[in-house]
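Working notes, structure below.
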Amino acid sequence: MDDEADGNERNDERIKPRTLKGFRDFLPEAMIPRERIMDIARRVFRSYGFSPIDTPALEYLDVLLGKGGAETDKQLYRFQDHGGRDVGMRFDLTVPLARFAAQHIGTLGTPFKRYHIACVWRGENTQRGRYREFMQCDFDTIGAKNVAADAEVVLVVHDLLRAIGFERFTIRVNNRLVLSGLLESIGLQSHATDVLRALDKLAKIGPERVVEEIQQTAGASAKDAACIVEMVQLSGPNDAVLAQLRPLVSGSERGKEGVDRLSELLSAVSTAGVPAERVRLDVSIARGLDYYTGTVLETTLDDLPTIGSVCSGGRYDNLAELYTNQQLPGIGASLGLDRLLAAMEELGMIEKTRTPAQVFIPYFDASRLGDYLHLAAELRSAGLAVEVYPEPTKLGKQLQYADRKGFRVAVIAGEREFAAGECQIKNLTTTESVTVPRDAVLAEVQRVLAK
RNA sequence: GUGGCUAUAGCUCAGUUGGUUAGAGCGCCAGAUUGUGGAUCUGGAAGUCAAGGGUUCGAGUCCCUUUAGCCACCCCA
């Protein structure tokens, strides 16, 4: 009676476990592929000389405010700390990079290449695939104006997607100067943001409605709006699009520069070895953000175009102008980790595994704990990931556990094997098993794993 | 932030015009003569029907509020 009463009381007081709106837990099954992608990203970034940095999750509020405009200000998580300071949580990695660069570029020198893989927070309304805490994988080169840095971004994106396992994808590139040039020649450059915002919706709402929106928000004439939309829809081989673009921007120095830079970029990237079908000049790529000033790029998966861009970025003239007088041009891009994982899931590219280890050692003979741990240590020192079952329970139960967790091979030894100086190596995928002498265990395990 | 839809076991869902102790499948745990997993069989645990309030003799079922999720808008990653 007493027990029951106590139990109920505790039940009532118990806090209901739940995750905050817009925040997520990651189970091993989700986290293993997630970490794999992050590892690949790190490896690719580093292979180009990008260095890791980190910055605090919290910044002084004034550092974060103002850059993104009213909309991002609203999404900002903000509060006062215990010392009464106004602070905010970073909502992207670009603003912290700007602050970081303004503060440290003197000691770092330029050009400075960094990558930054970290969580950011936005208190906006949630939607499928959109959370209030999410991870960004950014890489940027600061202090380099030459098209070489732009080309390198395309190469990194290309290497990254291939390393992750994609073959069919398209990196769409454009240059803001092309559009600015056109807007300049028809006198609409002061409404560039409105026009860009409308163009971003082209795929979504269609050309007619974009023309309407440009007229409404940017005050363009029907003819000019139609001209913009028409230019943006140019398609065909990159060279052909470039050729069509040239006369359209002939009246504007900026426009010409944009076309020249695009031409140089495409040619460099192609010579560097990126297959033509993976890079496309797409004049409709605008990117809504106003801070992009030159090259812009988006990457779509050919087998799942509807999911949108999985990797995008661009060039900006002056990253840190809010924080320093020093002119810091840069270019970079960001991998959309969550979106990419969603795509891989849908394309069946995610291997179902719930363990990061491949080798399983059952704790079979209760008196032999030390021998099992020693065997595991030996295999680990050869670079394998090995788990020893933590309870000396029935062998069948242990193998069932190994099977469910997705181990690939089990190294089984009981009284008989210990007496004979042998081990049984069992391929958990095929159920085949062989018994080998103790000193041949590593080689046999490696042989099975190699299949 | 605005509008709409939804909420029953760990998961996917049943649950008859409001009417006894709320069900199934999968999963989980334990067994089927004690050294070998995925199959089968048997048994078991598990839900104050999202939370709170209201209508009613009676609410999983109707109404309100809150919370969370989904969809659209806005915006963006």
Side-chain angles (χ1 to χ4, degrees), chain A residues 7-8 11-12 14-25 27 29 68-75 90-94 118-138 193 196-198 200-201 204-205 213 217 286-292 298-299 307-314 333-343 352 360-366 368 389 392-419 423-433 435:
Chain A
N8 284 339
N11 244 331
D12 288 344
R14 201 103 62 187
I15 297 157
K16 187 174 185 182
R18 59 221 200 282
T19 45
L20 191 62
K21 179 183 171 75
F23 289 70
R24 296 170 285 173
D25 287 328
L27 274 57
E29 209 172 312
E71 203 55 47
T72 44
D73 288 358
K74 262 196 294 185
Q75 299 178 356
R90 64 177 173 221
F91 60 90
D92 70 7
L93 297 179
T94 305
C119 280
V120 303
W121 297 270
R122 293 186 194 176
E124 70 176 328
N125 220 343
T126 55
Q127 254 183 67
R128 183 227 266 283
R130 186 178 293 190
Y131 305 92
R132 289 181 170 179
E133 176 181 65
F134 57 97
M135 187 151 282
Q136 291 197 325
C137 307
D138 280 27
T193 307
L196 291 173
R197 195 163 287 158
D200 238 10
K201 297 179 190 165
K204 202 166 165 187
I205 65 177
E213 187 169 327
T217 62
R287 311 285 308 141
L289 299 171
D290 353 316
Y291 55 75
Y292 288 129
E298 289 189 353
T299 312
I307 203 157
S309 173
V310 295
C311 197
S312 29
S334 180
L335 177 71
L337 186 65
D338 286 303
R339 202 177 264 191
L340 192 71
L341 281 163
K352 281 264 188 296
F360 180 74
I361 301 182
Y363 185 2
F364 187 11
D365 181 337
R368 294 285 194 158
Y389 196 79
T393 52
K394 289 201 302 187
L395 183 60
K397 193 184 161 184
Q398 298 189 44
L399 287 173
Q400 191 178 50
Y401 166 87
D403 181 47
R404 279 209 280 254
K405 283 283 154 76
F407 285 91
R408 297 182 47 206
V409 54
V411 179
I412 305 171
E415 213 175 327
R416 290 206 296 265
E417 285 80 2
F418 281 115
C423 276
Q424 194 186 132
I425 313 300
K426 179 161 191 164
N427 183 330
L428 291 170
T429 320
T430 64
T431 81
E432 294 162 342
S433 78
T435 301

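A note on names: the letters A, B, ... follow the listed sequences, proteins ahead of strands, and every chain is numbered from 1.
- The distance from atom CG of Leu395(A) to atom P of G37(B) is 8 Å, rounded to the nearest whole Å.
- For the P atom pair drawn from C62(B) and C49(B), the interatomic distance equals 16 Å after rounding to whole Å.
- With a 3.5 Å ceiling on both atom-pair distances, the Watson-Crick or G-U wobble partner of A68(B) is U6(B).
- Nucleic acid contact for Gly22(A): sugar-phosphate only, since backbone atoms but no base atoms lie under 4.0 Å from a heavy atom of the residue.
- Residue-level contact check: Leu428(A) touches the bases, meaning some heavy atom is under 4.0 Å from a base atom.
- Side chain to side chain, Ser334(A) and Gln136(A) fail the donor-acceptor criterion of an N or O pair below 3.5 Å.
- When heavy atoms are screened at a 4.0 angstrom cut-off, Arg339(A) is found touching the sugar-phosphate backbone but no base atom.
- Where Gly336(A) and Thr19(A) each meet RNA chain B at their nearest nucleotide, the meeting point lying more 5' is that of Thr19(A).
- Comparing A39(B) with C76(B), their C1' atoms are spaced 50 Å from each other, to the whole Å.
- Separating the CG atom of Asp403(A) from the C1' atom of A39(B) is a distance of 12 Å, rounded to the nearest angstrom.
- Ring stacking holds between Phe134(A) and A77(B), with the centres under 5.5 Å apart and the planes within 30 degrees of each other.
- Pair assignment for C29(B): G43(B), on the basis of Watson-Crick or G-U wobble contacts that are both within less than 3.5 Å.
- Of the listed nucleotides (A77(B), U36(B), G37(B)), U36(B) has the atom at the smallest distance from the side chain of Gln424(A).
- Atom CD of Glu432(A) and atom P of G38(B) are 17 Å apart (whole Å).
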Derivation and outcome, side-chain contact (heavy atoms from CB on, under 4.5 Å), residues Leu395(A) and Phe364(A): CA-CA 6 Å; Leu395(A) 183 60; Phe364(A) 187 11; 3.8 Å; yes

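- Remark: P of U36(B) and NZ of Lys394(A) are 9 Å apart, rounded to the nearest angstrom.
- Between U8(B) and A45(B), the two P atoms lie 23 Å apart (nearest whole Å).
- The separation of U56(B) from C63(B), taken at their P atoms, amounts to 16 Å, rounded to a whole angstrom.
- Using Watson-Crick or G-U wobble geometry with both donor-acceptor distances under 3.5 Å, U55(B) finds no partner in any strand shown.
- When the C1' atom is compared between U21(B) and U65(B), the two are found 31 Å apart, to the nearest whole Å.
- Interatomic distance, Arg24(A) CZ to Phe134(A) CZ, rounded to the nearest 0.5 Å: 9.5 Å.
- In this structure, Asn427(A) reaches the bases: a heavy-atom distance under 4.0 Å links it to at least one base atom across the strands shown.
- You'll find the ring centres of Tyr389(A) and Tyr401(A) inside the 6.0 Å limit.
- Under a 3.5 Å cut-off, the side chain of Gln398(A) and the backbone N or O of Thr393(A) do form a donor-acceptor pair.
- Within the 4.0 angstrom heavy-atom criterion, base atoms lie near Tyr131(A).
- The same atom, P, is picked in A9(B) and in C64(B); the two are 23 Å apart, to the nearest Å.
- Listed candidates were U2(B), A77(B), G37(B). Nearest to the side chain of Asn125(A) is U2(B).
- Using the Watson-Crick or G-U wobble rule with both distances under 3.5 Å, G35(B) pairs with nothing in any strand shown.
- Here the C1' atom of nucleotide G38(B) and the NZ atom of Lys405(A) are 16 Å apart, to the nearest Å.
- Among U2(B), C74(B), G38(B), the nucleotide with an atom closest to any side-chain atom of Gln127(A) is C74(B).
- Side-chain atoms of Arg122(A) and base atoms of A77(B) include a donor and an acceptor less than 3.5 Å apart.
- Between Arg130(A) atom CZ and C70(B) atom C1' there is a gap of 14 Å when expressed in whole angstrom units.
- The side chain of Thr126(A) contributes an N or O atom lying less than 4.0 Å from OP1 or OP2 of G69(B).
- Of the possible donor and acceptor atoms, none in the side chain of Arg339(A) sits under 3.5 Å from a partner among the backbone N and O of Val310(A).
- For Arg404(A) and C29(B), the shortest distance from a side-chain N or O to OP1 or OP2 is below 4.0 Å.
- Summarising the geometry, the separation between OH on Tyr363(A) and C1' on G35(B) is reported as 16 Å, rounded to the nearest angstrom.
- Using a 4.0 Å heavy-atom distance criterion, Glu417(A) is classed as a base contact.
- In this structure, Arg132(A) is not positioned above the aromatic face of Phe23(A) in the sense of NZ or CZ being under 6.0 Å from the six-membered ring centre and within 45° of the axis.
- Where Lys21(A) and Lys426(A) each meet RNA chain B at their nearest nucleotide, the meeting point lying more 5' is that of Lys426(A).
- Residue contacts for Tyr401(A): at a heavy-atom cut-off of 4.0 Å it reaches no nucleic acid atom on any strand shown.
- For Glu124(A), whose side chain is taken as the heavy atoms from C-beta onward, the closest listed nucleotide among G35(B), C75(B), C73(B) is C75(B).
- Separating the C1' atom of U20(B) from that of G25(B) is a span of 26 Å, rounded to the nearest Å.
- Residues Asp25(A) and Thr19(A) have side chains that never bring a donor and an acceptor to within less than 3.5 angstrom of each other.
- The pairing partner recorded for C75(B) is none, the criterion being a Watson-Crick or G-U wobble arrangement whose two distances lie under 3.5 angstrom.
- Within the structure, a side-chain polar atom (N or O) of Lys397(A) is placed less than 4.0 Å from OP1 or OP2 of A30(B).
- Spacing of C1' atoms, G35(B) relative to C26(B), comes out at 31 Å, to the nearest Å.
- In this structure G18(B) sits in no base pair that meets the Watson-Crick or G-U test at under 3.5 Å.
- Atom CG of Leu399(A) is separated from atom P of G35(B) by 12 Å (rounded to the nearest Å).
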